[in-house]
Amino acid sequence: MNANANANANANANANANADTNAGASPPPLTVTDVTVRFSGLTALDAVSFTVDPGSVHAVIGPNGAGKSTCFNVLSGVYRATGGSVRFGAAELTGLAPHAVAALGIARTFQNLALPPHTTVADSLLLGRHRLMRTGFLAAGLRLPVAAREDRRHRERVREIAEFVGLEGDLAAPAGSLPYGKQKLVELARALCMEPRLLLLDEPVAGMTADERQRTAAVIAGVRDGLGISIVLVEHDMGVVMRLADAVTVLDFGKRIGGGTPAQVQNDPAVVRAYLGEEEPAA
């Protein structure tokens, strides 16, 4: 029985190594085509389309109630679209459950923190490695060497990612004891621990101080430039959006009303009206 368990554990470890290799591959484009979402007659998204180029930051912006969160929930599998299609390369995401979307290399952060307050930062980040763990309960329970090797490998990767985002000095601290800005970084790092090819960031700098926003924006830029991960960003801080985004899609009342480079969007009259309201006619 021990021999069989050891053989199975070794096979699972090989699968884990392959999963890590695939996670590092260049991301495919994300293509959103005519996505519509209706709730009891209310249209939250109305035939929305956009494409996220590989290795880019694509911001989805708009006033409150524009449909940004609904869009994110469709991309991550929380909501099922009423119509349209979402494709990540050759994979059709429409209709997939969240765990199946995650298995394709898509990770998400949330606007509201969901960190176990008394769990250390290291263990919080290790939760992000769960989908990549292959040795299983039996091998771990038997304390097989392959399980110990896998655990060491995952913990080493956790340390690398913590260092990448600037949390290397906080790994032993309870996540709930950190300042708010660092807690948001823990959530971002936990998503990176999934080794995603596409990262969905829901208001990553909301509620932060100016210094925290600047540091977090630098980390996000590093994820794109250093790791080559595609990013879809929902954010109300237009300074951060204009600094980070390669492309922008603008929603209002569930419709796409504009898109392009940050400069193009910033000077689009329809976008200005959506944010500032119609200009009063001269007397």
Side-chain angles (χ1 to χ4, degrees), residues 16-17 19-28 30 52 54-59 72 75-77 88 98-99 101-116 119-133 150-173 175 178 180-206 208 212-235 240 244-246:
N16 188 38
D20 282 350
T21 300
N22 292 335
S26 297
L30 176 74
V52 180
S56 70
V57 174
H58 192 111
F72 252 41
L75 297 183
S76 58
F88 188 48
H99 72 273
V101 172
L104 292 171
I106 299 174
R108 176 183 178 175
T109 67
F110 292 85
Q111 179 182 353
N112 297 319
L113 289 170
L115 298 173
T119 302
T120 66
V121 170
D123 286 342
S124 294
L125 299 190
L126 200 60
L127 289 173
R129 306 293 296 173
H130 177 73
R131 81 174 186 91
L132 302 171
M133 294 179 179
E150 185 189 34
D151 182 70
R152 286 194 298 271
R153 183 167 60 83
H154 284 302
R155 289 186 181 277
E156 178 58 31
R157 186 60 177 146
V158 160
R159 285 192 292 271
E160 291 171 355
I161 291 172
E163 183 176 0
F164 183 83
V165 303
L167 290 170
E168 65 273 18
D170 301 297
L171 284 169
L178 299 181
Y180 177 78
K182 281 197 171 184
Q183 289 189 46
K184 294 279 277 188
L185 280 180
V186 172
E187 178 140 335
L188 172 56
R190 185 173 60 183
L192 289 176
C193 282
M194 293 175 62
E195 306 289 355
R197 295 185 293 164
L198 174 65
L199 189 58
L200 309 177
L201 300 181
D202 191 355
E203 299 200 28
V205 303
M208 291 185 179
E212 289 171 339
R213 287 198 300 271
Q214 186 174 358
R215 285 196 297 270
T216 302
V219 171
I220 295 170
V223 170
R224 174 194 57 197
D225 300 337
L227 304 181
I229 297 173
S230 303
I231 297 171
V232 183
L233 172 72
V234 165
E235 183 51 61
V240 169
L244 286 178
D246 300 295

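Note that the numbering runs from 1 along the sequence shown for the chain.
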(request) Compare every heavy atom of P28 with every heavy atom of P54, then report the nearest pair and how far apart it is. (result) CG-C, 4.0 Å
(request) Please tell me if the side chains of F88 and L75 come closer than 4.5 Å, counting only heavy atoms from C-beta onward. (result) no
(message) One pair to check against side chain to side chain contact (heavy atoms under 4.5 Å, CB included): L200 and D202. What are the steps and the verdict?
(response) CA-CA 6 Å; L200 309 177; D202 191 355; over 6 Å; no
(request) Look at the side chain of K184 and the backbone N and O of Q111, then say whether any donor-acceptor pair between them is shorter than 3.5 Å. (result) yes
(request) Any chance you could measure E203, atom CD, to N112, atom CG, to the nearest 0.5 Å? (result) 9.0 Å
(message) Minimum heavy-atom separation for E212 and G181, please, with both atom names.
(response) OE2-N, 3.4 Å
(request) Return the minimal non-hydrogen interatomic distance between T109 and L188, and the atom names on each side. (result) CG2-CA, 4.0 Å
(request) Applying side-chain contact (heavy atoms from CB on, under 4.5 Å), name anything that partners V101, two or more places apart in sequence or on another chain. (result) L96, I106
(message) To the nearest 0.5 Å, what is the distance between CG on L104 and CG on L198?
(response) 10.5 Å
(request) With sequence neighbours excluded, give me every side-chain hydrogen bond (donor to acceptor under 3.5 Å, both in side chains) pair touching residues 157-167. (result) E156-R159, R157-E160, R157-E195
(request) Determine the minimum heavy-atom distance between I161 and L192, stating which atoms define it. (result) CD1-O, 3.7 Å
(message) With rounding to the nearest 0.5 angstrom, report the OG1 to CD distance, T216 to E235.
(response) 10.0 Å
(request) Can you see which heavy atom on A175 is nearest to which on V121, and at what distance? (result) CA-CG2, 4.1 Å
(request) Any chance you could measure L201, atom CG, to R108, atom CZ, to the nearest 0.5 Å? (result) 10.5 Å
(message) For the OG atom of S124 and the CG atom of L171, what is their distance to the nearest 0.5 Å?
(response) 10.0 Å
(request) Write down the atom of V234, the atom of F72, and the distance for their closest heavy-atom approach. (result) CG2-CE1, 3.5 Å
(request) Take D123 and R155 through the test salt bridge (Lys or Arg N to Asp or Glu O under 4.0 Å) and record every step on the way to the result. (result) CA-CA 9 Å; D123 286 342; R155 289 186 181 277; 3.6 Å; yes
(message) Using side chain to side chain contact (heavy atoms under 4.5 Å, CB included), reason through V158 and C193 one step at a time and then give a plain yes or no.
(response) CA-CA 7 Å; V158 160; C193 282; 4.1 Å; yes
Which donor-acceptor pairs under 3.5 Å do side chains of residues 224-231 form with protein atoms, sequence neighbours excluded?
from, atom 1, to, atom 2, distance (Å)
R224, NH1, L244, O, 2.7
R224, NH1, D246, OD2, 3.3
S230, OG, G55, N, 2.8

(request) Give, for atom OG1 of T119 and atom CG of L125, the distance between the pair rounded to the nearest 0.5 Å. (result) 11.0 Å
